[in-house]
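Accompanying notes for the structure given below.
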Amino acid sequence: MKSRYDVLVIGGGPAGALAAQTAVEKGLSACIVEKRPAIGSPVRCAEGIGKEALTEFIDPDPTWISAEMTGATIVAPDGFVMQLSSKMAGGKVGYVLDRKIFDRELVWRAADAGADVAVKSRAAAPIMENGVVKGAKIDHAGKMTSVRAEVVIAADGVESKFAKWCGIDTTVPVREIMSGVQYVMTGIDIDPESTVFYLGNEVAPEGYLWVFPKGPKSANVGIGISGKKSGEGHRAKDYLDKYVKKTFPKGKTIEYIPGGVSVCRPLECTVADGLMLTGDAARVVDPLTGGGIYNAMFTGKLAAQTAADCIGKGDVSKKALMAYDKAWRASKMGKTIDRNYHIKEYLIKQPDEKLNEIIHSVSKIDMTEFTTLNLVKEIIRVNPKLVLELGALAASLR
Amino acid sequence: MLKVHRDICGYCGCCVSVCKEGALELIDAYLSVEENCTSCGVCAKVCPLGALEVVHEKQV
Ligand SMILES: Cc1cc2nc3c(=O)[nH]c(=O)nc-3n(C[C@H](O)[C@H](O)[C@H](O)COP(=O)(O)OP(=O)(O)OC[C@H]3O[C@@H](n4cnc5c(N)ncnc54)[C@H](O)[C@@H]3O)c2cc1C
Ligand code: SF4
Ligand code: SF4
């Protein structure tokens, strides 16, 4: 680690890795600081990602793919099952990753491209001069050093503190934090090619429970519930234990994963003078699915591209860096977050009976393109009544 | 006062994201609580494992 870089990236997750790789590819010097001693571990993720989304950044590689998916299943509160499959015969629609290896691969690529990496190195405070972010104080295995940078890219995940230290309020509202737990289980009977989502207030209030296959007899079995619904005796872990006891009594848990994921609107502004926020730190998770791997990679890459432009022009002010904020909001990702936020807000208000009714209306969907948007469109097509309830939102979906 | 049950905590950072005071920080596998904690209990509510507890002074 040197004492000065063009770009200092805080956090070695997918957002940070893509930011650093892109920065060095643009000819800048860059360093990733990661507080953990190992990249990618412990995992805080169900590891699901769509095929199109993944391949936009990296070609699938069996070393970090646990399983390939050909379909998805949604289980209504009353147990009714809706099957989603791809129109393309044998078509792969998505992957369940092995994020310990995947995250490491991404950081590896950044390092190979020329970025410096420092693990067990925690950003402990920003370096600020006249309100402008100029770098960070790094606690590197107990030794404090100052690292100055033209631009700091905060990619410090759900537990992000860096932006807060710089005066940006990143607090996630209680009702919009998904409080989650997941067990990596083995020795269980599952469909190894299909993800399963369970909905309902008894199963997972204002959230969902998932089974994402990791192999013929193993899966990530997890749950996320709204922070609002969490409390003593009815926490995410209580719900998950109830399900596991009933469904997989003989299964063995080989990994125990708590985690939080934000399903709020993204931060009002994701830049400041000398500072850019990316991935979970910017709260750009898809509010409907809780998926954030793609969004992290997308914003990480975009932030570094903008940083390179701005550094090249000698202006890293908030005004100049705003180009990044504007670009992600206008992107397909930005629009999807906006739309899915409204769909989530509608769905969490529905009682189980209503969810049953909606899911009963379609028992099998063949989708050409496997997206939540297409699923929602199909549901609306067979439930014309929903158009009225969804109002302007429904119109925007067409 | 906020008590962290370290035997239960799985150091995930879920609690850190909801604290508006910024009183929590996850230092790798160690959750630290700063003095500016107001004992509001929001973090204790959302913890997926139930590792946080607001204890009143007399109980300590
Ligand atoms: C239970 C659960 C299930 C999920 N399932 C899915 C899923 O199936 N699909 C999907 O797409 N998304 C899923 N997500 C969301 C996904 O995990 C995140 O959106 C994604 O990891 C965000 O990437 P990131 O790079 O922004 O942050 P992270 O991957 O969280 O990386 C942030 C990094 O920054 C480091 N860091 C933090 N503070 C500092 C500091 N001060 N100094 C140095 N380093 C620091 C952290 O140690 C961490 O390594 C899930 C999340 C949870 C909790
Ligand atoms: S939410 Fe609970 S398990 Fe996670 S870090 Fe906080 S106290 Fe620990
Ligand atoms: S009790 Fe309130 S102020 Fe204290 S750490 Fe928890 S959320 Fe923050």
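First the proteins, then the strands, lettered A, B, ... as listed; each starts at 1. Quantities reported herein were computed from a predicted structural model and do not represent experimental measurements.
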Which portion of [X] sits near chain A, non-hydrogen atoms under 4.5 angstrom:
X	answer
Val18(B)	both
Ala29(B)	neither
Cys43(B)	neither

Counting C-beta onward and ignoring hydrogens, is there a side-chain heavy-atom pair between [X] and [Y] closer than 4.5 Å?
X	Y	result
Arg122(A)	Asp28(B)	no
Lys237(A)	Pro48(B)	no
Lys35(A)	Ile27(B)	no
Arg235(A)	Leu49(B)	no
Cys19(B)	Thr171(A)	no
Cys15(B)	Glu159(A)	no
Ile177(A)	Cys14(B)	yes
Tyr11(B)	Pro42(A)	yes

Starting at CD1 of Ile257(A), measure out to SG of Cys12(B) and round the result to the nearest 0.5 Å.
11.0 Å

Honestly, the part of Tyr239(A) sitting under 4.5 Å from a heavy atom of chain B is neither

Tell me which of these, Asp139(A), Val261(A), Val174(A), has more heavy-atom pairs under 4.5 Å with chain B than the rest.
Val174(A)

Scored by heavy-atom pairs under 4.5 Å with chain B, the best of Gly227(A), Gly233(A), Ser226(A) is Gly227(A)

Does the Lys45(B) side chain pair with the main chain of Glu232(A), one donor and one acceptor, at a distance under 3.5 Å?
no

salt_bridge(Lys164(A), Glu21(B)) N-O dist < 4.0 Å
no

